[in-house]
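Throughout, a chain's letter reflects where its sequence line sits, starting with A, and its residues are numbered from 1.
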Protein chains: 4
Amino acid sequence: MTQATSAKVTKLNRVERNAWTKQKIFDAATKIVGKYGYAEASVARITEAAGVAQGTFYNHFENRQELLDQLLPKIGLDMVRFIHARTGTASEARQEIERFSAFFDFIREVPEFLRILNEAEFFAPIGYQKHFDNISSAYVRILQRARAAGATNTFSDEEFEAIVQVLMGARGYLSRRYSYSEQGVTAVPDYVITAYQKLVTRGLFTTSDKGRKS
Amino acid sequence: MTQATSAKVTKLNRVERNAWTKQKIFDAATKIVGKYGYAEASVARITEAAGVAQGTFYNHFENRQELLDQLLPKIGLDMVRFIHARTGTASEARQEIERFSAFFDFIREVPEFLRILNEAEFFAPIGYQKHFDNISSAYVRILQRARAAGATNTFSDEEFEAIVQVLMGARGYLSRRYSYSEQGVTAVPDYVITAYQKLVTRGLFTTSDKGRKS
Amino acid sequence: MTQATSAKVTKLNRVERNAWTKQKIFDAATKIVGKYGYAEASVARITEAAGVAQGTFYNHFENRQELLDQLLPKIGLDMVRFIHARTGTASEARQEIERFSAFFDFIREVPEFLRILNEAEFFAPIGYQKHFDNISSAYVRILQRARAAGATNTFSDEEFEAIVQVLMGARGYLSRRYSYSEQGVTAVPDYVITAYQKLVTRGLFTTSDKGRKS
Amino acid sequence: MTQATSAKVTKLNRVERNAWTKQKIFDAATKIVGKYGYAEASVARITEAAGVAQGTFYNHFENRQELLDQLLPKIGLDMVRFIHARTGTASEARQEIERFSAFFDFIREVPEFLRILNEAEFFAPIGYQKHFDNISSAYVRILQRARAAGATNTFSDEEFEAIVQVLMGARGYLSRRYSYSEQGVTAVPDYVITAYQKLVTRGLFTTSDKGRKS
DNA sequence: TATGAATGAGAATTCATTCAT
DNA sequence: AATGAATGAATTCTCATTCAT
């Protein structure tokens with residue numbers, strides 16, 4: 001997540017100052033929504049946290065909703081990049097486990113993400129849609145490539161789409177159950193990983209070596 | 001779903017009248033939350049739909065939140081009964097598919113359920129917790145019995161817990177994606193069922209006949 | 001104008017208390033709009049003057065505009081009654097002068113009226129429309145009766161409608177010019193009355209050719 | 001109405017550029033107030049329409065109100081010139097009808113005028129005052145000359161002042177009623193002209209006793 | 001127990017004006 | 001002179017809850 005540096009701002013031109021202010025608001029919103037949820041993220045609270053006047057908010061965002069709807073897609077991209085960087089070249093099944101694990105690593109790195117993600121469906125539906133379109137289309141492509149490599153059981157494209165919903169649902173519900181507590185975001189127990197691994201390696205992927213990248 | 005009959009209530013004693021009023025409020029809340037969501041379910045709106053005064057609300061519920069938190073657990077029990085009634089004595093794997101299908105049948109029978117369920121996490125967290133504890137413990141027991149019958153792959157109790165989260169996540173995300181539209185609640189396409197079936201029969205259950213009830 | 005009496009309110013039932021509160025708000029609005037104009041009549045200001053909470057306002061009026069739009073028609077009726085009571089049985093021409101004079105008497109009795117009337121077109125257009133429909137249709141009927149009695153020059157119904165606009169315009173502009181000052185509302189000079197009298201009884205110009213430029 | 005030409009302005013000195021910017025703002029304000037009214041004429045909207053920055057506004061006008069108060073007097077002069085050009089050398093009575101008709105022609109030529117005029121009383125009171133002083137003093141002089149020519153009935157100077165208010169009120173109310181619609185500004189029906197003509201040449205009531213109630 | 005008016009804190013948003021660049 | 005981001009007071013309206021009847 002981009003972070004407005006609090007370093008002394010000595011010489012910024014107009015454009016930079018403008019962008020910096022917007023980023024301050026954005027970061028403040030991320031922090032507040034992540035910690036207290038969308039419902040508590042009033043413009044007053046966000047601008048106070050950002051250290052700007054309420055009116056300033058509306059120089060940068062059309063309205064409160066517009067900002068809220070930008071939160072998830074932006075952080076979602078960070079997630080995609082993070083997971084991609086953590087995914088190696090082992091077998092397709094193994095890669096899926098790596099992605100799964102990386103997801104839980106990511107939400108510990110960006111603890112705001114979980115709440116921003118989970119509440120988005122109701123409080124930022126446009127952002128939610130955008131994010132899920134991003135994620136699920138990319139995910140389907142991954143599965144299609146695995147299928148082309150002979151690494152999956154027999155699934156049609158439409159079935160893959162449904163499977164992706166299941167896999168995303170798994171992450172969502174498991175993170176809710178095992179990562180999320182009053183204290184903050186914690187790692188999931190190993191048995192969560194192994195359970196997922198057993199389900200998808202036998203259920204989704206072929207267990208031969210055919211899917212392994214050379 | 002229990003339904004306050006609108007038939008003329010001529011002879012009710014004090015206790016019955018009391019319960020009836022409470023039920024009217026409850027039913028009104030179910031309808032409104034189901035249709036418009038928790039956020040739109042103001043006390044004013046609920047009491048108006050119930051045909052009672054706003055003040056009456058507080059004779060039956062401590063506050064608005066208390067009512068909201070009762071919605072999901074109550075309707076959740078209806079769901080459990082519904083699904084149980086639809087589950088036969090075929091193989092364990094087959095039974096899971098029946099439960100899965102029955103879930104989607106239920107949400108068409110009780111279209112309020114989906115919204116009450118999906119939004120509960122944020123608007124009725126206590127009710128959400130109660131519901132999920134109900135469901136997941138029951139679900140784990142089902143899986144344990146299947147395991148005892150030799151019908152599942154090797155999973156520990158803890159892994160079953162995680163699996164249950166995945167299966168519930170699957171229902172949640174799939175219903176969101178495939179059942180929910182502006183028009184109302186519709187049936188899911190067949191390929192959703194088959195995708196789920198492929199994933200869990202190979203991933204979760206053994207494919208032999210060992211798990212079949214005698 | 002109805003006036004919420006400030007006498008001690010010892011025993012009022014619910015309905016009466018309700019009506020009394022609404023009347024308090026109404027009276028406060030009348031006073032404020034009359035003194036400072038619609039633009040300054042914020043809900044905060046009105047409710048403060050009425051001695052009720054802001055929220056109370058919305059128990060009695062849908063929104064701010066609804067109240068504003070009720071102001072003029074209500075006082076307008078008071079005006080009609082007032083003028084009617086002051087109109088005798090002299091000649092039609094004389095009666096018109098009486099009505100004209102009575103108008104200026106009325107605005108001194110209800111000094112709020114002038115501002116409520118004049119600004120209504122822009123700040124309370126619905127109320128303005130209602131008021132003017134009331135007034136002009138009644139006025140046209142008066143003229144038609146006078147015509148039937150042979151007391152007017154030759155005018156068609158449509159021309160009467162236009163004439164009514166002129167007569168109302170006369171009252172509006174003259175009151176603005178001669179009655180309205182920082183100090184409050186004062187009587188119009190006699191020559192305003194006589195000028196109006198001459199115009200409506202004899203017209204402005206002689207009909208001979210004397211005024212033609214050579 | 002003066003109009004800032006949009007032709008490319010290549011060679012302007014400092015003073016000319018300055019005047020040109022001010023004119024752009026002025027024209028934009030005229031257009032916006034004419035179309036949407038003073039209340040909607042925010043500085044942001046005006047400057048955007050003028051194609052200058054908001055801050056620029058305050059280099060040319062002390063504040064928003066100052067500009068608004070200049071609108072009507074300026075355009076009012078255009079009206080005076082327009083009407084004067086349309087007035088011939090027929091009888092005084094005839095000339096008044098010509099002026100009256102010319103007024104309605106003018107508001108069709110400059111459709112912004114009506115709104116700028118009508119709302120000015122409340123949104124630009126200083127400009128309103130200035131305009132009406134302009135108009136009414138000129139109008140009184142016209143009537144005085146007609147009187148000197150023996151073309152009017154007997155009116156004192158003060159009565160003429162009042163008469164002028166009536167005549168201006170007639171224009172104001174009639175234009176509001178007959179020229180102004182959602183579509184724009186339209187011509188008034190003929191009977192409006194004839195009604196006015198009859199009123200000012202012959203008066204409204206017969207002076208015989210026929211109308212007296214028995 | 002039922003009623004429903006009263007409460008008042010808090011929400012999002014607007015906008016004239018300022019001022020550093 | 002031109003710019004346009006920043007300001008913050010003020011606006012309308014909502015709603016859970018209270019309480020006298």
Check the interface with nucleotides 7-11 of chain F: list each N/O to N/O pair with the protein under 3.5 Å, or write none.
from   : atom 1 : to     : atom 2 : distance (Å)
dT7(F) : OP2    : A53(A) : N      : 3.0
dT7(F) : OP2    : T56(A) : OG1    : 2.7
dG8(F) : N7     : G55(A) : N      : 3.2

N59(D): side-chain contact (heavy atoms from CB on, under 4.5 Å) partners, not counting sequence neighbours: none

Whole-Å gap separating P (dT1(E)) and CD (Q23(B)): 17 Å

Residue T21(C), side-chain heavy atoms: nucleotide from dA6(E), dT21(E), dT17(E) that is nearest: dA6(E)

Spacing between E16(A) atom CD and dA5(F) atom P, to the nearest angstrom: 14 Å

E48(D): partners by side chain to side chain donor-acceptor pair (under 3.5 Å), with sequence neighbours left out: none

Of K24(B), K31(B), Q23(B), the residue whose pairing with D27(B) passes side chain to side chain donor-acceptor pair (under 3.5 Å): Q23(B)

Between dT13(E) (P) and I25(A) (CD1): distance, integer Å: 14 Å

Partners meeting side-chain contact (heavy atoms from CB on, under 4.5 Å) with E66(A) (sequence neighbours left out): F61(A), E62(A), N63(A), Q70(A)

Members of residues 122-130 of chain C that approach DNA chain E, where some heavy atom sits under 4.0 Å away: none

Where DNA chain E forms stems, i.e. three or more consecutive Watson-Crick or G-U pairs with both distances under 3.5 Å: E:2-21 with F:2-21

Residue list, side chain to side chain donor-acceptor pair (under 3.5 Å) with R115(D), at least two apart or on another chain: E119(D)

Where at least one partner belongs to residues 25-48 of chain D, residue pairs that pass ring-ring contact (aromatic ring centres under 6.0 Å, His included), sequence neighbours excluded: Y38(D)-F123(D)

Between dA6(F) (P) and Y58(D) (OH): distance, integer Å: 18 Å

Set of residues satisfying side chain to side chain donor-acceptor pair (under 3.5 Å) with respect to Q54(B), sequence neighbours excluded: none

Nearest-angstrom distance from the residue atom CD of E48(B) to C1' of dG4(E): 13 Å

Partners meeting side-chain contact (heavy atoms from CB on, under 4.5 Å) with N118(B) (sequence neighbours left out): F122(A), L114(B), R176(B)

Between CD1 on residue I46(D) and CD1 on residue I25(D), distance to nearest 0.5 Å: 8.5 Å

Pairing residues for N18(B) by the side chain to side chain donor-acceptor pair (under 3.5 Å) criterion, not counting sequence neighbours: H60(B)

Between C1' of dA2(F) and NE2 of H60(D), the distance in whole Å: 8 Å

All salt bridge (Lys or Arg N to Asp or Glu O under 4.0 Å) counterparts of E40(D), not counting sequence neighbours: R45(D)

base_contact_polar (dT3(F) base, R14(A) side chain, donor-acceptor, <3.5 Å): yes

Y38(A) OH to dA12(E) P, straight-line distance once rounded to whole Å: 15 Å

Whole-Å distance separating the CG atom of N18(C) from the P atom of dA5(E): 5 Å

